[in-house]
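For reference, the structure discussed in these notes is given below.
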Amino acid sequence: MPELPEVETVRQGLLKLVKGSTIIGVDVYWDRIISGEIHSEDFASQLIGNRIIDINRRGKYLLFNFSHWSMISHLRMEGKYEVSETNEPLKKHTHIVFHLSDGRDLRYLDVRKFGRMTLVPKGEEFTVAGLKTIGPEPISETFDLTFFKKILKQKSRAIKPLLLEQKVVAGLGNIYVDEALFEAEIHPLRPAHSLRPKEVEQLHQSIIDVLRKAVLAGGTTIRSYKHALGKVGNFQVELHVYGKTNEPCTNCGTPIKKIKVAQRGTHICTNCQKLTTKNSLPRS
DNA sequence: GGCAGTGTTACCTC
DNA sequence: AGAGGTAACACTGC
């Protein structure tokens, strides 16, 4: 569930449900979800008595602002939160349960157990690996075009894996990077420094547009899960290439092709997104 | 049975 | 040191 728009949708949903609630107990069923220095028993005992003051987001990371601690939470591939009455039986794949003082639970579920939570003292959020080197927020004015141009100019790496690194810009994953590259008509294997200034500008704008629209739509629902928080997105109806293998390109009608780029399934229109054209050869 | 999958990072090698 | 590629994490669904 987890690129920027989905995480933002979860954040907004969670905030409505649990802002101001106090944690009275924590059950950890799969300890490896908890990373960092503060672990299982400490993780639970330190959180008891903490109020959920606010929930923020940076890229694909959720930042829980508790009374005395911050918790960094990354959903990775399939992490989900849900809020249930404490007496409701636990669903399969429930790994962490935060008991709230009002008789409800905040529960974390994760089929693949890839997600991670890290408890850090307030103010130390950005010492967590992943947040230390994270790039600018694409849907705010911190995503500066001049900076974007400068970084791309000095990277020979293919543009898609570069954008997936989270360092040039935060929040893009496999779905939205394919969509943004399609919208900008750029082949995912183009070396970053081979992009013309016009193309970089277009890509910058496409990243912003795609993510903003997806946030407004509440994210993308790929596989239908029983309603866990945030799984109500509708952006899938606006996708152009992701998951559209063999369907006609909405721009030119050419069937969308699926290729492999940096081990990730990658969807392109071979007509609209050329790898080598006269316009895209590296400058001499 | 086999493989792909909304993500990150540890562990190589150059 | 920095860059880039690959495997690993763990499980489900097609």
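Predicted, not measured: the structure shown is a model, and the values here were computed from it. The basis for the numbers below is simple: all heavy atoms, side chains too, and nothing from hydrogens, waters or symmetry mates. Below, read A as the first sequence line, B as the second, and so on, with proteins coming before strands; counting in each chain starts at 1.
- Judged purely by distance below 3.5 Å, without hydrogens or angles, the side chains of A/Lys160 and A/Asn174 pair a donor atom with an acceptor atom.
- Distance from the side chain of A/Met77 is smallest for B/dG7 among the nucleotides B/dT9, B/dG7, B/dA4.
- Taking atom CZ of A/Arg116 as the reference point, atom C1' of B/dT9 lies 10 Å away to the nearest angstrom.
- In this structure, the NZ atom of A/Lys258 is 11 Å from the C1' atom of B/dC3, given to the nearest Å.
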Identify all pairs in which a protein N or O lies below 3.5 Å from an N or O of nucleotides 10-14 of chain C, and state each distance.
from, atom 1, to, atom 2, distance (Å)
C/dA10, OP1, A/Arg32, NH1, 2.7
C/dA10, O4', A/Arg112, O, 2.9
C/dA10, N1, A/Arg112, NE, 3.1
C/dA10, N1, A/Arg112, NH2, 2.6
C/dA10, N3, A/Arg112, NE, 3.1
C/dC11, OP1, A/Lys113, NZ, 2.4
C/dT12, OP1, A/Lys92, NZ, 3.3
C/dT12, OP1, A/His93, NE2, 3.3

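- Going from the P atom of B/dT6 to that of C/dG4 covers 22 Å, rounded to whole Å.
- Panel note: side chain A/Lys80, backbone A/Glu78; a donor-acceptor pair is recorded below 3.5 Å.
- Atom P of nucleotide B/dT6 and atom CD of A/Glu238 are separated by 19 Å, given to the nearest angstrom.
- Dashed line: the shortest gap from a side-chain N or O of A/Lys60 to OP1 or OP2 of B/dT8 is under 4.0 Å.
- For the strand DNA chain B, secondary-structure stems (runs of at least three Watson-Crick or G-U pairs, all distances below 3.5 Å) span B:2-5 with C:11-14, B:7-14 with C:2-9.
- Nearest approach of A/Phe98 to A/Leu47, heavy atoms of both residues: CE2-CD1, 3.7 Å.
- By the 4.5 Å heavy-atom criterion applied to side chains, A/Cys249 and A/Phe182 are counted as neighbours.
- Proximity of a side-chain donor or acceptor of A/Gln166 to a complementary backbone N or O of A/Gly171 within less than 3.5 Å is detected.
- A straight line from CG of A/Leu75 to C1' of B/dG5 spans 16 Å, rounded to a whole angstrom.
- Of the candidates B/dT9, B/dG7, B/dA4, the closest approach to any side-chain atom of A/Lys260 belongs to B/dA4.
- A tilted orientation is assigned to the rings of A/Phe143 and A/His204, their planes being inclined by 30° to 60°.
- Side-chain rings of A/Phe64 and A/Tyr81 approach one another, their centers coming within less than 6.0 Å.
- Regarding A/Leu4, its CG atom lies at a distance of 14 Å from the C1' atom of B/dG7, rounded to whole Å.
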Margin query: Before you tell me yes or no, could you show the steps for A/Leu17 and A/Arg104 under side-chain contact (heavy atoms from CB on, under 4.5 Å), namely the whole-Å CA-CA distance, both residues' side-chain angles and the distance that decides it to 0.1 Å?
Written below: CA-CA 10 Å; A/Leu17 286 168; A/Arg104 296 179 305 157; 4.3 Å; yes

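- A straight line from CD of A/Glu3 to C1' of B/dG5 spans 12 Å, rounded to a whole angstrom.
- Under the 3.5 Å distance criterion, with hydrogens and angles disregarded, a donor-acceptor pair is assigned to the side chains of A/Ser206 and A/Gln202.
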Review item, nucleotides 5-8 of chain C N/O atoms under 3.5 Å of protein N/O:
from, atom 1, to, atom 2, distance (Å)
C/dA7, N7, A/Gln263, OE1, 3.3
C/dA7, N6, A/Gln263, NE2, 3.3

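- Of the side-chain N and O atoms in A/Thr221, none sit less than 4.0 angstrom from OP1 or OP2 of B/dT6.
- Within the 4.5 Å cutoff, the side chain of A/Val28 has no heavy atoms near those of the A/Met117 side chain.
- Side-chain atoms of A/Glu8 and A/Gln12 form a donor-acceptor pair, as typed in the model, at a separation below 3.5 Å.
- A side-chain donor-acceptor contact under 3.5 Å links A/Asp178 and A/His267.
- The interatomic distance linking A/Leu172 (CG) with B/dT8 (C1') rounds to 15 Å, in whole Å.
- Comparing the P positions of B/dA10 and C/dA10 gives an interatomic distance of 15 Å, to the nearest angstrom.
- In this structure, of B/dG5, C/dG4, B/dG7, it is B/dG7 that holds the atom nearest to the side chain of A/His74.
- Under 4.0 angstrom from either OP1 or OP2 of B/dG5 there lies no side-chain N or O belonging to A/Arg264.
- In this entry the distance linking CD of A/Gln166 with C1' of B/dT6 reads 12 Å, nearest Å.
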